[in-house]
Novice: 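Here's a structure for you.
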2 protein chains.
Amino acid sequence: MDIKKQLTQHGYKLTKPRQLIIDVLQDNHDRLLSVESLYEALDRAIDLSTVYRNLEVLDACGLIYRVQSGDKSLFKLICQTDHHHHLICLQCGSTQVIDYCPLPELGQIARQHDFEVAAHTLEVFGYCRDCRTRP
Amino acid sequence: MDIKKQLTQHGYKLTKPRQLIIDVLQDNHDRLLSVESLYEALDRAIDLSTVYRNLEVLDACGLIYRVQSGDKSLFKLICQTDHHHHLICLQCGSTQVIDYCPLPELGQIARQHDFEVAAHTLEVFGYCRDCRTRP
DNA sequence: TTTGGTGCAAAGCGTTTGCACCCGC
DNA sequence: GCGGGTGCAAACGCTTTGCACCAAA
């Protein structure tokens with residue numbers, strides 16, 4: 001994986017705690033995690049402040065994707081660098097990338113409103129098949 | 001306005017502080033406010049905890065629309081009860097309702113992924129004409 | 001008169017920071 | 001060895017809560 005390359009290019013080192021955090025994130029690359037769940041997955045062996053600082057670092061390297069769900073912030077590693085949206089399961093937190101993006105329509109609407117689009121968010125929440133069929 | 005009716009139907013009273021909060025929200029019905037800016041608009045004459053509690057009450061009555069922008073939570077009174085999305089100015093916080101909703105496309109995509117859509121968010125951030133033309 | 005509402009102060013909670021020590025590179 | 005990284009503890013900011021008093025209905 002070129003995560004290490006990304007880090008060193010930004011002047012960051014690859015320490016043991018950092019590697020562990022990345023491991024957990026890679027194991028859950030298709031799932032959104034909260035800080036809490038990441039911390040637990042690390043068996044609380046790494047200080048919470050270190051977890052937060054590393055999320056900042058990964059974010060600074062453009063490796064993290066963040067979503068706000070209700071009042072908590074969720075994140076995952078970015079697999080593809082291009083812009084995309086997700087189907088997010090409210091039960092298990094699993095995510096599926098979708099190739100749909102409303103930007104063309106939004107551009108047209110924004111033009112009608114004389115509005116310059118800088119960014120947009122689109123998140124779809126619901127229930128994946130596994131969670132729906134599970135008893 | 002039937003806000004009072006909505007409140008009483010839910011078993012809430014219309015007190016002076018509550019009325020003042022609603023006044024400010026109505027004056028800014030086309031603009032997203034933060035808790036802080038609402039508090040300031042009230043000249044800090046009402047306790048912050050009261051502001052928070054009233055936002056809860058208004059939310060419980062379905063009168064409030066909330067958005068997460070970065071790390072802060074913004075809100076405004078709901079004018080129309082039907083589902084809709086906004087163009088949100090990053091400079092002045094003004095909002096414009098758009099009549100576009102990606103739900104049809106999302107439904108189709110979700111079906112392909114065997115995913116049951118429960119909710120979705122779409123927010124468009126950018127700059128309104130006034131903020132772009134202002135020096 | 002009853003019951004929800006308020007201000008005040010304190011607590012809660014997730015997140016950030018200061019600091020001394022540690023360890024990749 | 002240098003400069004970033006870590007754990008620990010304390011601070012922080014936003015939000016919530018307990019409580020005695022107040023006021024809408």
Novice: Within the 3.5 Å criterion, strictly below it, is a donor on A:Tyr65 or A:His86 matched to an acceptor on the partner's side chain?
Specialist: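 Yes - a donor-acceptor pair under 3.5 Å links their side chains.
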
Novice: Using whole Å, report how far CD of B:Gln19 lies from C1' of C:dT6.
Specialist: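 About 16 Å, once rounded to whole Å.
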
Novice: Whole Å only: how far is the CG atom of B:Leu38 from the P atom of D:dC14?
Specialist: 14 Å

Novice: Determine, for nucleotides 20-25 of chain C in 5'-to-3' order, which nucleotides have protein heavy atoms under 4.0 Å from the base (write B), from only the sugar-phosphate (write S), or from neither (write -).
Specialist: ----BS

Novice: If you assign B:Thr50 and B:Gly11 each to the DNA chain C nucleotide with the nearest heavy atom, which residue ends up on the more 5' nucleotide?
Specialist: B:Gly11

Novice: State plainly whether one hydrophobic cluster holds both B:Leu48 and B:Phe75, where clusters connect Ile, Leu, Val, Met, Phe, Trp and Tyr through side-chain heavy atoms under 4.5 angstrom apart.
Specialist: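 Yes; tracing contacts between hydrophobic side chains, which count when under 4.5 Å, links both residues.
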
Novice: Give the rounded distance in Å between these two atoms: CG of A:Leu42 and C1' of D:dT6.
Specialist: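 Answer to the nearest Å: 14 Å.
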
Novice: Whole angstrom is fine here: how far is it from CG in B:Asn54 over to C1' in C:dG7?
Specialist: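 Rounded to the whole Å, the gap is 13 Å.
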
Novice: Whole Å only: how far is the CG atom of A:Leu48 from the C1' atom of D:dC8?
Specialist: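 That distance rounds to 12 Å.
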
Novice: Output the rounded distance in Å from CD (B:Glu56) to C1' (D:dC14).
Specialist: 13 Å

Novice: Sequence neighbours left out, what passes side-chain contact (heavy atoms from CB on, under 4.5 Å) with A:Leu20? Give chain and number order.
Specialist: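 side-chain contact (heavy atoms from CB on, under 4.5 Å) list for A:Leu20, sorted by chain: A:Asp23, A:Leu42, A:Ile46.
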
Novice: Could you check whether B:Glu123 pairs with B:Arg66 (Lys NZ or Arg NE/NH1/NH2 to Asp/Glu carboxylate O, under 4.0 Å)?
Specialist: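 Looking at B:Glu123 and B:Arg66, the cut-off is not met.
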
Novice: Rounded off to whole Å, could you give me the CG-to-P distance for the B:Asp47 and D:dG18 pair?
Specialist: 16 Å

Novice: Identify whether any heavy atom of A:Arg53 sits under 4.0 Å from a base atom; if not, whether one sits that close to sugar-phosphate; answer base, sugar-phosphate or nothing.
Specialist: base

Novice: Using every non-hydrogen atom in the two residues, find where B:Cys128 and B:Ser94 come nearest and quote the distance to one decimal.
Specialist: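 Scanning both residues completely, I find the closest heavy atoms to be SG-OG, 4.0 Å.
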
Novice: Just how far, in rounded Å, is C1' of C:dG5 from CG of B:Leu58?
Specialist: 13 Å

Novice: Where is the tightest heavy-atom contact between A:His85 and A:Leu122, given as atom of each residue plus distance?
Specialist: ND1-O, 3.2 Å

